[in-house]
Amino acid sequence: MKLRELAHARTGDKGNSSNISVIAYDPGDFAFLAEHVTAEKVRTFFAGTVKGKVERYELPGIGALNFVLHDTLGGGVTRSLALDIHGKSLSSSLLEMEVPDTQQAPQRTKT
Amino acid sequence: MRSIRIGSGAGYSGDRIEPAVELVEKGDIQYLGFECLAERTIALAQQARLANPEGGYDPLLRARFEAVLAGCAKRGIKIVSNMGAANPVGAAAEVARIARELGITGLKIAAVTGDDVLAAVRAGNYPLLERPGTIADLEGREISANAYLGVEPIVAALRDGADIVITGRVADPALFLAPLVYEFGWSLDDFEALGRGTVVGHLLECAGQITGGYFADPGYKDVADLARLGFPLAEVFEDGHAVITKPPGSGGEVSLASCKEQLLYELQDPRRYLQPDVVADFSSVHLEPDGHDRVAISGGSGTKRPDTLKVSVGYLDSFIGEGQISYAGSGALARAKLGLDIVRERLQLTGVKTTELRFDIIGVDALYRGPVGNQPEPMDVRIRVTGRTDTMAEAVRIGNEVETLFTNGPAGGGGAWKNARQVLAVVSTLIPRELVNTQISYEVA
């Protein structure tokens, strides 16, 4: 299944690096996310976009992971040639990541 | 336990104005903060001030103060804002003028200056944070350098009886932390309290981003009434714990999910959130539902403040030229790719010198990053070519080569658009805090 079924995410920018929070809808899924959404997998997912290292910080108290993607924004918000200079949409990209189909996704009314 | 209520009236310089009025009228607040200064904004403001010495403060300052000043004066709500940008003294004078025009008297307006450290930064030739090199490598093209000030001058102004405090560059959370330090008498070496107050400031500083803005995702995260999004306020207690909420009847939501997203926004190491007043630790922050549209925030701490202050340096970097044109229907993607190939070849044939080039298909690969499976072909795409050049003349030629696809390119190209601009970029450095001398001046309306 897609990561989007289990987690929500938000991107922030600082200089030429981007941070993406990945937050479990159900805090009980934190351990699953910590196992399957690693810094290495995020780096591979964003191959070609991330030029630097990827760091991961764990916040089990709120069921969240925080990824810091270094050298990712084409020189930073003020220099980037990208359409999305802040990288705001990177969170939506990351939620497309495939994770094992073992967890129960929250019930949703599809619109 | 004593508490105060602080509202957040803007999350960036162009933000909506009515939600701030709603906070004043229905929020039962004692303080209203406006965060209006993005990284590059102050460099743009410095350019504006060079053109007009009376200007250089936030272009929406008048509109914002005209909207909230009478309500704030009537209720005794104090305002703290970085709308002073490159000219806090000029901004304070303008606020005094607006007050007089509205028939408000007796307001004391403080202007905090001293964040402009261009001379010190040039003299010290400090290393750049984002890339190798030093200030000298900017070759004199720097036009502004502003240190991120902490709470001290804002607290001093509040102690002097200021009703309104206008600053230039200060750390965004400091706009909200300063009233807490003043009201609760927190010591500037009580790093645990300063850390907790920084959590509150961080949650408030982007206004609508914690009340359901930058959040909604239909079917996954549904948010009601975003057109009337309410801006947040925090009820903060003397020990630094707080409740985040919003005015009754406003749109949006304050939920665990919205607060978690904002807690981590623009954060790197959650244990070391570097601020001028404290190194805040967000790792122990605890969030708890506290009724409808109310989330209680507790925990959080901090350690000793850094010896250096971060400085944003604005400089004239390069030029960017850009062009876009759209294609529709079956075969649109193939025509878009053909269009990009033609522009790529034309830029070579005509010798446009670029140091960086980017070719996007909007609707396919302009935003999305990551692996792609088999997608249905889009019926509506837009190509975008962007390049960096050393001169404006060459930047203009990039957009021209996209525009000429109208008559020389693939079938059915429509909606061409082009642009060329000089890049005012920002880099950062650190300077010893002793080099920064803040001053406060006052206007009385």
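What you are looking at is a predicted structure, and each value in this text was computed from that prediction instead of being measured. Per chain, numbering begins at 1; letters A, B, ... match sequence-line order.
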Look up atom CD in B/Glu322 and atom CG in B/Asn419, then write down how far apart they are to the nearest 0.5 Å. 6.0 Å

Answer yes when A/Glu55 and A/Lys53 have at least one side-chain N-carboxylate O distance shorter than 4.0 Å, and no when they do not. yes

For residues 254-269 of chain B, the side-chain hydrogen bond (donor to acceptor under 3.5 Å, both in side chains) pairs (sequence neighbours left out) are A/His8-B/Glu261, A/Arg10-B/Glu261, A/Arg10-B/Gln262, A/Ser17-B/Gln268, A/Lys88-B/Tyr265, B/Gln209-B/Gln262, B/Lys221-B/Glu261, B/Glu253-B/Ser255

A/Met97 and A/Leu95, any side-chain heavy atoms less than 4.5 Å apart: no

Tell me, please, whether B/Phe359 has B/Arg384 positioned over its six-membered ring: NZ or CZ under 6.0 Å from the ring centre and within 45 degrees of its axis? no

Give me the atom names and distance for the closest heavy-atom approach of B/Leu226 to B/Val223. CD2-CG1, 3.7 Å

Counting only heavy atoms closer than 4.5 Å, note whether B/Leu129 contacts chain A via side chain, backbone, both or neither. neither

So which atom in A/Ala105 and which in A/Leu6 form the shortest heavy-atom distance, rounded to 0.1 Å? CA-CD2, 4.1 Å

Go through the atoms of B/Val426 and report whether side chain, backbone, both or neither lie under 4.5 Å from a heavy atom of chain A. both

Less than 4.5 Å to any heavy atom of chain B: does that hold for the side chain of A/Leu59, its backbone, both, or neither? side chain

Part of B/Leu256 within contact of chain A (heavy atom distance under 4.5 Å): neither

Tell me, for A/Thr72 versus chain B, whether the close heavy atoms (under 4.5 Å) come from the side chain, the backbone, both or neither. neither

Which atoms form the tightest heavy-atom contact between B/Ser428 and B/Lys310, and what is the distance? OG-CE, 3.5 Å

All heavy atoms of A/Thr11 vs all of A/Gly87, minimum pair found to be CG2-O, 3.2 Å

Which region of A/Phe67, side chain (C-beta onward) or backbone (N, CA, C, O), has a non-hydrogen atom less than 4.5 Å from a non-hydrogen atom of chain B, or is it both or neither? neither

Relative to chain B, which of A/Gly75, A/Ala82, A/Ser91 shows the most heavy atom pairs under 4.5 Å? A/Ala82

Using non-hydrogen atoms only, which part of A/Ser18 is less than 4.5 Å away from chain B: side chain, backbone, both, or neither? neither

Select one option (side chain, backbone, both, neither) describing which atoms of A/Ile23 are under 4.5 Å from chain B's heavy atoms. side chain

Give the member of B/Gly387, B/Gly314, B/Ala38, B/Ala366 that has the highest number of heavy-atom pairs under 4.5 Å with chain A. B/Gly387

Per-residue contact mode, A/Phe45 against chain B (heavy atom under 4.5 angstrom): both

Whether A/Lys51 and A/Asp71 form a salt bridge (side-chain N of Lys/Arg under 4.0 Å from carboxylate O of Asp/Glu) is what I want to check. no

Test item: A/Val50 and A/His70 side chains (from C-beta on) under 4.5 Å apart, heavy atoms: no

Considering only heavy atoms, give the residues of residues 30-44 of chain A separated from chain B by less than 4.5 Å, sorted numerically, with 'none' for an empty result. none

Heavy-atom distance under 4.5 Å to chain A: side chain of B/Leu367, backbone, both or neither? both

Any B/Val279 side-chain heavy atom under 4.5 Å of B/Pro306 side chain: yes

Heavy-atom cut-off 4.5 Å, strictly under: side chain, backbone, both or neither for B/Val427 against chain A? neither

If you count heavy-atom pairs under 4.5 Å with chain B, which of A/Asn16, A/Leu90, A/Asp84, A/Asp13 comes out on top? A/Asp13

SB check B/Asp317 B/Arg141 (cutoff 4.0 Å): no

